[in-house]
Every structure is written in C-alpha cells, then in structure tokens.
There are 2 protein chains.
Amino acid sequence: MGGGQLARMMAPAATALGVELRVLAESPEVSAVAAVRTAPAGDYTDLDTLLRFAADVDVLTFDHEHVPTEHLRALQEQGVAVRPGPEALVHAQDKLVMRRAVEELGLPNPEWDEVHSAEELVAFGERVGWPVVLKTPRGGYDGKGVLVLDGPQEASTGTAAEWFAQCAEADSDEGLLAEEAVAFSRELSAMVARRPSGETVAWPVVESIQVAGVCDEVLAPAPGLDPAVARAAQAAAVQLAEDLGVTGVMAVELFETPGTEAGFAVNELAMRPHNSGHWSMDGSVTGQFEQHLRAVLDWPLGATDVVAEAAVMKNFLGGDNQDLFAAYPQALAAEPRAKVHTYGKSVRPGRKIGHVNVVGDAHELGTLREIATHAASILRDGEDRDARPTARGEDEAATPWGAVPEAQTQAPLVGLVMGSDSDWATMRAAAQALEEVGIPYEADVVSAHRMPSEMLEYGRTAHERGLRVIIAGAGGAAHLPGMLASVTPLPVIGVPVALKTLDGMDSLLSIVQMPAGVPVATVSINGARNAGLLAARVLGSGSGASAQQVRERLQVFAAELSEAAHRKGASLRDAVARGASATD
Amino acid sequence: MGGGQLARMMAPAATALGVELRVLAESPEVSAVAAVRTAPAGDYTDLDTLLRFAADVDVLTFDHEHVPTEHLRALQEQGVAVRPGPEALVHAQDKLVMRRAVEELGLPNPEWDEVHSAEELVAFGERVGWPVVLKTPRGGYDGKGVLVLDGPQEASTGTAAEWFAQCAEADSDEGLLAEEAVAFSRELSAMVARRPSGETVAWPVVESIQVAGVCDEVLAPAPGLDPAVARAAQAAAVQLAEDLGVTGVMAVELFETPGTEAGFAVNELAMRPHNSGHWSMDGSVTGQFEQHLRAVLDWPLGATDVVAEAAVMKNFLGGDNQDLFAAYPQALAAEPRAKVHTYGKSVRPGRKIGHVNVVGDAHELGTLREIATHAASILRDGEDRDARPTARGEDEAATPWGAVPEAQTQAPLVGLVMGSDSDWATMRAAAQALEEVGIPYEADVVSAHRMPSEMLEYGRTAHERGLRVIIAGAGGAAHLPGMLASVTPLPVIGVPVALKTLDGMDSLLSIVQMPAGVPVATVSINGARNAGLLAARVLGSGSGASAQQVRERLQVFAAELSEAAHRKGASLRDAVARGASATD
C-alpha cells in the first residue's frame with residue numbers, strides 16, 4: 001500500500017526472489033509505478049478500494065503508516081494477511097501509544113506526557129525544563145508535526161495554539177505528546193526484522209545524521225559506538241519487535257545519551273523499511289527491502305552481516321538540478337564507487353529524490369563519506385561545485401583493472417617512526433621494502449625521551465588515522481616501540497638499532513623484553529628490511545582484495561629470493577669447479 | 001531484445017538508476033516480462049516488429065545474440081542506437097568470425113580451421129591430433145552446436161554428417177569450425193565492459209566450472225590463478241573489446257593452459273551479461289547488469305572491485321522440484337547467507353531457472369561453495385538431501401546479532417606450534433590469550449629437527465588451510481620460527497623458550513637474528529602471552545567485521561590492564577600510608 005520510494009525499492013528484491021509485487025499507488029505518477037508490472041491507482045483511505053486491491057494478494061504490506069487502523073482491521077476480518085498488523089502498526093502511527101509501550105517494556109524513554117492544553121504543556125515544561133518538544137501523535141514525518149518550544153510563552157501562540165485548538169475540536173480525548181528535549185550526542189538507529197513465526201534478526205546499529213529534521217547521512221555501523229550500548233540498543237529493538245508482535249522491518253530511532261544509565265533513549269518507531277536502513281541495500285548480506293519481503297511472507301530471514309567493514313548512505317534532495325539524468329555522467333565519472341539509487345520522482349526543492357551508497361573499509365570512512373557526498377551533490381546541483389581533489393576526473397578513464405582508487409592506495413597504512421633522524425640510515429631499508437611491495441607509509445621522527453607527549457599522541461591516534469601497522473626503530477635504551485605498543489591496539493614492530501657500543505644488544509633487549517600484556521614484534525638488530533617485510537605480511541594476512549595483492553607480491557619476492565640463492569649457489573659451484581680445474 | 005533471465009536481471013539495475021527498461025519478449029510468459037512495466041510480445045526475426053519496438057527507445061540492447069545481423073544494420077540506418085552494434089556483435093554470433101579476429105589480434109587461439117566436408121575435417125584431425133571439436137559457427141549455446149569427435153570415422157557419420165549436409169545445402173560458402181581439443185586445467189572467464197566513448201573496465205578473472213557443457217559454478221576471483229596470467233587475460237579481453245568496438249558487457253571464456261606461452265587460450269565470446277558474471281550482482285561494487293546498462297547508455301562505468309574477498313555463484317537447473325516457492329523456506333532457513341536469484345521460468349529438467357550467490361572471505365571459499373551448493377540443491381530437489389552439518393537447522397532461529405556463522409568462527413586462524421611438547425608449559429599462555437580474545441587456533445608439536453619435512457609442509461600449507469598467523473615457540477638452537485617463516489607468506493611470531501642453561505639468550509638470538517628477507521616477529525624470552533596478544537593485534541589490524549570485534553576486545557583488555565595497574569598503585573599507596581601512619 002503506497003507507491004513511494006520504499007515500495008519502489010522492494011521491486012528489485014521481489015524480482016530476485018521471484019515474488020510478484022503489486023502496488024496500490026496514490027497516482028500513476030508516484031515513484032513505485034515505473035518499477036512494477038501492476039500498479040493500479042487508488043485511494044488508500046477508501047475501504048472498498050483496499051478490499052478490491054487485496055482480493056487476490058497473499059500478503060498486504062506498507063510503504064507508509066497512514067492507512068486507517070479501522071480499515072486494516074476490516075481487511076483482517078476479510079481474511080487478508082496484513083503485515084505488520086494493525087495492533088503492531090498503531091505504535092508507529094501514534095506516538096502516544098508508542099511512548100506508553102516503551103514505558104511498559106521498561107525501555108529508556110525521554111521524559112514525556114500527554115498534554116491537552118497550553119496550561120498542561122507549561123506545567124510539563126516547568127517540570128522537565130525548557131525547551132520542550134511538542135508532537136502531534138499522528139501524521140508526522142521528516143520533522144513535520146514536531147515543534148520545539150523554548151519557553152512557556154510559546155505554548156499558547158502560533159502552531160502550538162493551532163494544534164491545541166484542533167485537539168479541542170476533535171471527538172477523541174487524545175492530546176498532544178510533550179517530550180523533554182533530550183541532550184544527545186548523536187542519533188542512532190537500530191533496525192530489526194521479524195517474521196510471524198517469531199524469528200527476529202538485527203542489523204548493526206547505525207549513526208543517522210539529520211539536517212533540518214530530515215535524514216541526511218547514515219554511517220553503518222555507527223563509528224566508535226560503545227559495544228555495550230550497541231548490544232543494548234539491538235536488544236531493545238528486538239524486544240520491541242517481539243513484544244509488539246511486529247512483522248516486517250522495523251526501525252527504532254534512538255538518541256545516544258552518554259552518561260545516562262542506558263546510554264540511549266528511544267526516539268521514534270517506523271514499521272517498514274526506513275531511510276536509516278538504505279545502506280543495507282549495498283552494505284549488508286541482506287538488504288532491508290529483501291528482508292521486509294521475506295519477513296512479511298513468513299520466509300526465513302537472511303544474514304544481516306555487513307559485506308564490507310563500513311557503509312555510508314547519503315540522501316539527495318531536490319535542488320537546483322531539474323534533470324537528474326543530465327548530471328549522471330558527471331556524477332558517475334567522478335565517483336565510480338558510488339551506488340546511485342534514484343526514486344523516479346519529479347524534482348522539488350527539499351524532496352527526497354534518491355540516495356547514494358558507498359561501501360569499503362572502516363579506516364577509509366572519511367573517504368567513503370566524501371565519495372557519497374560528492375556524487376549526491378553533483379546530482380543535486382547539476383554541476384560539480386566542490387570537486388574532491390582525489391576523485392576521478394571526467395576526462396580520465398577508469399583503470400581497466402578495477403584497481404583501488406588512488407585516494408585509498410595513497411593513504412599510509414604503515415607508520416615508520418624512529419627515535420632520532422640518525423636512525424634513518426638504518427630504517428630506510430624498511431621504507432624501501434614497503435615501496436617494493438607497494439605499501440604506502442609515512443615516516444617521522446618521534447622520540448620517546450625528547451618529545452614524550454607527541455610520541456604518545458602519535459601512538460594513540462595511529463589507528464584512527466588509518467594506520468594498520470607501526471614500525472618503530474630505536475637504539476640504546478630503546479623505549480619507543482614498547483611505549484607506542486602501550487597506547488595503540490595496532491601491531492608494533494620494533495627494530496633494534498645498533499649504537500657505537502654493545503653491538504645493539506642494549507637496543508635488542510630494551511625492545512624485545514616487554515612485560516606480558518604489551519607485545520612488540522621484534523626483528524634482528526638493524527633488521528629494518530625485515531621489519532618492512534613483516535609489516536607487509538601483516539597487511540597481506542588480512543581480508544580484502546588489497547591484502548591479496550600484497551600476498552601475491554610477497555610470493556613473487558620469495559620466488560626472487562629463492563632464485564637469487566640458487567644463482568649464488570650456481571656461481572659458487574662454477575667458481576669451485578673452475579678452481580678445481582685450475583688445480584687439476 | 002529478448003525476455004530471458006538476462007533481460008530480467010537488468011530490471012533491478014534499471015530501477016536503481018531510474019532508467020525505463022522495455023523488453024521485446026518472445027511471449028508473455030518469458031522470464032523478464034514480470035519484472036518490467038512494458039514488455040510487448042513480438043518476433044525478433046521480424047524487421048517491422050523490431051522497427052516498431054525501437055521507434056521510441058533511446059538505446060537497443062540484447063538478452064541474446066540471435067537477432068539477424070541484417071536487421072540490426074537496418075535499425076542502425078533508421079537512426080536506432082544498437083549496442084553492441086552489428087559489426088561487433090557478429091564476433092559473438094559467428095564463431096568463425098571470432099576465431100579470425102582473435103588470430104588477427106595476435107591473441108592465443110587454439111588450433112582451428114574452417115572445414116566444409118568430412119574430408120577436410122579428417123585432414124584437420126590428422127594435423128592437430130584427435131579428438132577434435134566441431135562447432136556450428138552460429139546458434140550454439142550451453143553446449144549446443146558443439147560436437148567432440150574421437151577419430152576420423154566419426155567425421156562422416158551422425159550429427160557431423162548432418163551438419164556438413166546442411167552446409168552443402170546452404171547458399172553461403174561458410175563451413176563449420178574445427179578446433180583442437182585443448183588440454184586445459186580449468187575454464188576461466190574474463191569479463192569487461194566498454195562504453196561507446198571508449199572507457200573500458202575489467203572485473204577480476206573468474207573460474208567457471210562446467211557440467212555437461214553447462215555453467216554450473218563460478219568462483220570469483222579464480223582461486224590460485226597466476227597473477228601474470230590473470231593480467232594477460234584481462235588485457236586480452238580489454239583489447240578485444242576495444243579493437244572490435246564492443247559496447248556493453250562482454251565475457252571472454254578462456255581455457256587455462258599451464259605450460260603454454262600465454263597460459264590461456266580464447267574459447268568463446270559473449271557480448272552481453274553472461275552466466276560467468278552473475279557473481280558480480282552481489283560480489284562486485286558494480287554488478288554486470290548495472291554495468292551493461294551504464295555502458296550501452298554511454299554513462300561512465302562503475303568500479304569493478306570485489307566487495308568481499310571471494311564470491312561463489314551456483315546455478316540451479318530444473319530438477320525434481322516443480323514448485324520453487326515451496327522449497328524457499330527450507331533453503332533460506334538452511335543458508336541465511338545465500339542470495340537467491342530466481343528467473344520466474346517454468347521448471348523443466350536441465351533448464352537454468354536461477355542461481356545462488358554467496359560472498360565472504362577467501363579463506364572460507366570451501367564454506368561459501370558448500371552454502372551455495374546446498375541452497376541451490378534444496379531449491380532443485382524440493383528437499384534437503386545433503387544437509388550440511390554446519391548449516392543452520394530450520395527449527396533453529398537466526399542469531400539476532402547477525403553473528404558470523406559457527407563454521408567460520410571455529411576455523412582456526414592462528415597456528416600455535418612448538419618444537420617439543422615440553423614447550424607447552426610456556427606456550428599455553430599464548431593459547432590462553434587467544435581464548436580470552438576469542439580467536440580460534442590450532443596447537444601442535446612440529447619439530448624443525450626431528451620432523452623437518454612435516455615442519456615445512458605445515459608452513460607451506462598454513463595459508464591455504466585458512467591460518468592467518470603462526471606462533472612458533474622453540475628453545476636452544478631454536479630454528480622452528482625462522483624455518484616456518486621461510487616457506488609461508490604469513491606473519492610468524494617467534495617465542496624464545498628458555499632452557500636450563502643460558503637463560504633463553506640462545507633461543508632469543510636464534511629466533512630474532514634472521515637474515516634480511518625472512519622476518520620473524522620475536523617476543524620476549526618465554527613471552528608466550530604477548531605472542532598471543534600480538535597475533536590478536538595482527539588479526540585486529542585487518543579488514544572485516546571480525547577484525548573490528550578483535551580490536552574492541554583488545555581495547556577492553558588494555559583498559560583492564562590499566563585498571564589493574566591503577567589498583568595496584570592504589571593498594572601500594574594505601575600500604576605506604578598505613579605504614580607511614582603506623583610510624584607516626
């Protein structure tokens with residue numbers, strides 16, 4: 001029911017599964033119509049239309065939550081499988097019902113109350129503190145039906161006054177929803193899917209970035225999220241799905257609230273595929289649209305694992321550009337990794353008309369966001385106003401080998417540091433080995449004793465900056481490798497550099513004899529070349545196409561080493577043979 | 001043109017890009033009709049039908065290669081953008097034309113000749129040796145139009161005789177194609193896409209496994225393929241696409257021929273999405289169907305990188321099961337990682353009715369193949385005849401966290417070996433650290449001196465068996481870590497085990513002082529716990545969700561270590577304070 005972009009994006013999943021998807025469309029022009037074989041236009045608030053449409057379908061599900069509950073009950077009475085059913089769906093339709101349910105389940109709610117008048121609202125504001133958020137329980141989306149009131153004077157004027165007047169005129173006793181303005185660090189979303197037989201699965205919790213009340217960008221999984229909070233948020237979403245009897249996909253929008261007991265609070269529910277789940281179309285083994293179809297058909301659910309470490313979703317709203325197709329060549333040429341999903345909707349300013357997904361490694365999250373934002377902005381603007389310096393130019397052909405984009409290959413993966421610039425004479429052999437294997441690195445002097453704070457800062461931030469291995473060389477009382485290892489989760493390779501006395505034994509023992517809990521991978525005295533090769537082995541041991549490339553290069557290396565040894569053996573044999581014949 | 005599964009699978013890509021896809025269908029029942037809004041039935045050999053259909057489309061492309069060349073020329077003359085054009089397409093339509101082109105480009109062909117009679121065929125067979133392969137230049141697919149002849153007596157009987165008779169009756173001088181029966185180790189496929197403006201991209205070369213002349217399974221990228229052969233095969237496919245002026249996707253089917261100069265030979269061409277490229281729908285940033293649409297629309301092409309290390313595609317042909325949907329619950333429940341693509345075709349024995357894709361890490365390729373085969377066979381048979389012991393049972397719910405399947409978490413990632421079982425007292429600390437961090441490992445005694453061949457074998461096969469790090473402990477003249485490092489591309493961590501004399505200094509120097517080219521990551525004397533933690537850092541440094549889990553656990557560890565140190569400091573301060581007050 002409903003022919004928006006959510007229905008449209010179910011169509012590809014239906015095709016793959018061999019399911020026939022029919023759409024009851026608001027009009028022949030709506031988004032989903034072009035994507036399915038059968039899409040009659042009809043009014044979803046008219047019960048006869050609904051009954052006719054439902055007469056020969058197996059399951060009825062939703063693009064939006066606006067079909068009247070009493071119609072859904074009537075459909076159920078006629079034997080139609082309505083999924084999610086009206087008893088569950090009302091929690092997504094009515095925010096007061098939702099708040100009560102969250103409270104009954106003992107899940108973290110913000111402070112809230114039902115208010116029928118400006119007076120009640122002011123009393124609520126005085127109790128929880130201003131500003132407060134006022135919401136119409138039904139009909140809101142994307143920031144509509146939501147009002148932030150800074151103080152009591154705003155409770156009886158403007159939109160708030162209008163809403164209270166409408167309440168008073170209505171037949172029901174239902175009021176408005178007042179909520180505290182939660183102090184949150186960011187917005188999260190926990191998505192789950194449940195089938196009628198009871199199986200429930202959860203995707204990783206994502207970060208959702210809103211602009212002017214509209215979802216703008218989603219980072220999956222939410223970067224840096226406390227694993228305990230992630231699990232609790234998933235558990236809350238699973239519990240809601242099970243206790244409310246949800247079928248299909250449900251998004252639980254959350255506030256991250258560090259310092260509170262739970263670490264999060266429930267914001268809103270959506271019982272259908274959701275903007276915060278679009279990343280899963282390209283970033284998860286099972287995308288939310290396929291999962292929704294499987295769930296409402298009561299088929300077993302698919303794996304929710306991520307296919308790459310990280311995914312970024314960027315919405316594009318209608319902007320200056322009226323002709324998306326005219327902008328495609330520039331957008332696609334600039335960002336060959338961008339997955340563009342268009343909704344086939346006419347362009348109106350601020351209207352959601354598509355989104356871009358990009359997947360990749362967690363350490364390149366910044367790049368993934370740039371790619372998604374860049375492609376989306378070209379489509380929105382119709383021109384490239386903020387060229388990414390590392391993006392592919394339109395005149396430049398893609399590499400035929402599907403190589404990793406330059407931006408990625410050039411970001412350093414190995415941090416090569418030493419206690420003194422005099423160590424470079426030894427340490428350059430590590431740099432050379434990395435260059436031979438084609439691994440990008442950065443080199444710097446970071447002295448444990450002369451610049452201790454900078455040294456610790458280097459170690460602490462190494463992982464966030466995308467480094468995956470640290471090579472540290474030092475001599476004498478060689479503390480640099482061990483100190484770095486104590487502040488980074490990355491593997492640290494230590495190179496004992498020999499000084500003038502003691503033949504490097506002081507350096508070796510300073511580096512290798514670390515206490516239990518803080519390992520340093522130590523190579524031989526002055527063994528910088530091996531440190532570079534060991535870093536390559538570490539990177540080649542990981543997953544991903546780039547790891548495989550490294551392994552292949554290392555195998556070529558090993559073959560060359562073996563060949564060189566054979567050659568030297570042959571010349572030695574030759575020399576011995578010549579010597580032998582000379583003395584014959 | 002054409003409403004088979006290839007046209008059907010273009011529909012989801014068209015929806016995402018907002019492109020309207022229309023299909024000229026052979027009948028209203030064919031595969032693609034259910035997936036698009038507009039799919040008139042019509043005869044593709046009738047020029048008027050083609051002209052009517054093409055009147056208001058922007059670009060015409062193909063589900064198959066059977067539209068007569070003269071009709072395509074006529075369409076071009078009417079201004080229709082036919083992509084690929086007839087000049088290119090003829091190389092996929094006519095195998096004799098293809099062989100001549102491959103020869104002219106200097107790319108590796110098998111021995112071949114055009115033969116018009118049994119006599120010419122026998123002469124060819126005597127020249128290149130029997131058996132020989134006889135092909136009709138046009139109209140063949142999936143093993144049809146191909147005959148293997150074991151000796152001269154078969155040249156003038158049966159199907160061969162019929163074909164020669166048809167040749168003689170035809171107006172043209174064209175004969176049949178005779179080819180040597182190439183001695184190949186396996187079949188490969190190199191897929192490329194080219195747009196009219198000239199940009200060409202290539203996917204990784206894949207292995208294609210044929211059963212009875214029909215594609216059965218595809219492994220992407222082709223496991224263990226010599227990188228030089230992979231690059232040469234990609235370059236050959238790119239050259240063919242460019243020199244023949246191909247637009248759209250092209251598959252170059254290849255024989256892998258180890259020992260020959262090129263290492264491969266061209267088998268056949270297909271100028272459209274191809275069965276050997278179905279893996280890319282779930283395994284590549286840009287799937288072949290999206291890429292084909294982009295290429296024929298002359299839009300910039302998408303990245304061809306793999307999204308995970310490995311992908312497996314398994315076809316399912318019509319079998320005992322007539323009702324695919326009835327088998328879905330069992331198939332989907334058993335294999336939640338399987339991506340099922342059905343073609344909406346009626347089930348006939350041996351007919352391609354769908355395929356299953358699975359993506360994952362390269363080291364679990366065996367598991368990926370099992371998953372794909374298992375899901376496909378349940379759909380084919382309608383029942384689970386070969387239950388995988390590690391597959392999820394139907395009564396068992398999916399874990400709500402989208403956890404890695406058990407089979408994967410239990411495969412050892414770290415090989416923990418030691419020169420003697422007496423080393424276990426020391427080395428068990430490494431095992432314990434791995435257990436604490438939740439990393440599966442295997443432990444064994446592999447003595448460098450007492451079982452040298454087994455030791456080398458262990459090192460050589462470690463990577464293929466899925467290990468990603470080796471920890472080796474040894475004492476005295478401790479050769480085990482360095483010897484293993486010389487035969488594996490994996491990182492090797494060496495633990496010097498102290499013996500009764502010399503305090504382990506002999507072990508330390510034997511392990512750490514490796515020659516340049518063969519690194520060993522050495523930890524402190526008896527530092528087995530650090531070896532385990534270092535292995536964890538290496539695994540946590542890689543890509544993938546599991547790496548991230550390891551990093552998170554290591555961070556918890558570091559926090560605990562720091563807390564313990566703080567606690568000890570506090571009790572020491574307490575003790576000192578108590579002592580101080582006592583002496584007050």
Side-chain angles (χ1 to χ4, degrees), chain A residues 11-12 15-16 18 34-35 37 199-202 227 238 285 299-309 328-329 332-333 336-337 341-342 344 361 397-398 400 402 468 489-491 512-514 516-517 519 521-524 529-530 533-534 537-538 541-545 551-552 554-555 561, chain B residues 11-12 15-16 18 34-35 37 199-202 227 238 285 299-309 328-329 332-333 336-337 341-342 344 361 397-398 400 402 468 489-491 512-514 516-517 519 521-524 529-530 533-534 537-538 541-545 551-552 554-555 561:
Chain A
T15 294
R37 187 102 183 122
E199 183 190 13
T200 309
V201 296
V238 168
V285 171
W299 285 353
L301 304 179
T304 51
D305 309 66
V306 293
V307 294
E309 275 185 346
Y328 263 46
L332 298 180
R337 293 172 75 187
H341 298 270
T342 20
D361 288 347
R468 290 173 52 191
L490 296 176
V512 77
Q513 288 293 95
M514 288 292 293
T522 309
V523 294
S524 63
R529 180 170 178 79
N530 271 359
L533 294 175
L534 183 57
R537 288 193 185 209
V538 168
S541 156
S543 303
R551 281 201 296 272
E552 283 166 9
L554 283 174
Q555 276 158 348
L561 206 63
Chain B
T15 294
R37 187 106 182 118
E199 183 190 13
T200 308
V201 296
V238 169
V285 171
W299 285 353
L301 303 179
T304 51
D305 308 66
V306 293
V307 294
E309 275 185 345
Y328 263 46
L332 298 179
R337 293 172 74 188
H341 298 269
T342 20
D361 289 346
R468 289 173 52 190
L490 296 176
V512 78
Q513 289 293 96
M514 287 294 293
T522 310
V523 295
S524 63
R529 181 171 177 79
N530 270 0
L533 294 174
L534 182 57
R537 288 193 185 209
V538 168
S541 156
S543 304
R551 282 199 296 273
E552 282 166 8
L554 283 173
Q555 276 158 349
L561 206 64

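Nothing here was measured: the structure is a model prediction, and the numbers come from that model.
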Any idea which of Thr342(A), Val285(A), Asn530(A) has the most non-hydrogen atom pairs under 4.5 angstrom with chain B? Asn530(A)

Between Val512(A) and Thr522(B), what is the shortest heavy-atom contact and its length? CG2-O, 3.7 Å

Between Ala16(B) and Tyr328(A), the two heavy atoms sitting closest are O-OH, 4.4 Å

Pro300(A) and Leu332(B) have their tightest heavy-atom pair at CB-C, 3.7 Å

What pairs with Ala521(A) under side-chain contact (heavy atoms from CB on, under 4.5 Å), at least two apart in sequence or on another chain? Ile493(A), Leu534(A), Ala521(B), Leu534(B)

Could I get the full list of salt bridge (charged side-chain N to carboxylate O under 4.0 Å, His left out) partners for Arg537(B), not counting sequence neighbours? none

Where on Gln555(A) is there a heavy atom nearer than 4.5 Å to chain B: the side chain, the backbone, both, or neither? side chain

Toward chain A, the part of Leu533(B) with a non-hydrogen atom under 4.5 Å: both

Short side-chain to backbone donor-acceptor contact, Arg468(B) and Ser541(A), under 3.5 Å: yes

Heavy-atom pair count under 4.5 Å with chain B, highest-scoring of Ala34(A), Ala35(A), Gly517(A), Gly344(A): Gly517(A)

Nearest 0.5 Å, please: how far is CZ in Arg551(B) from CG in Leu490(A)? 8.0 Å

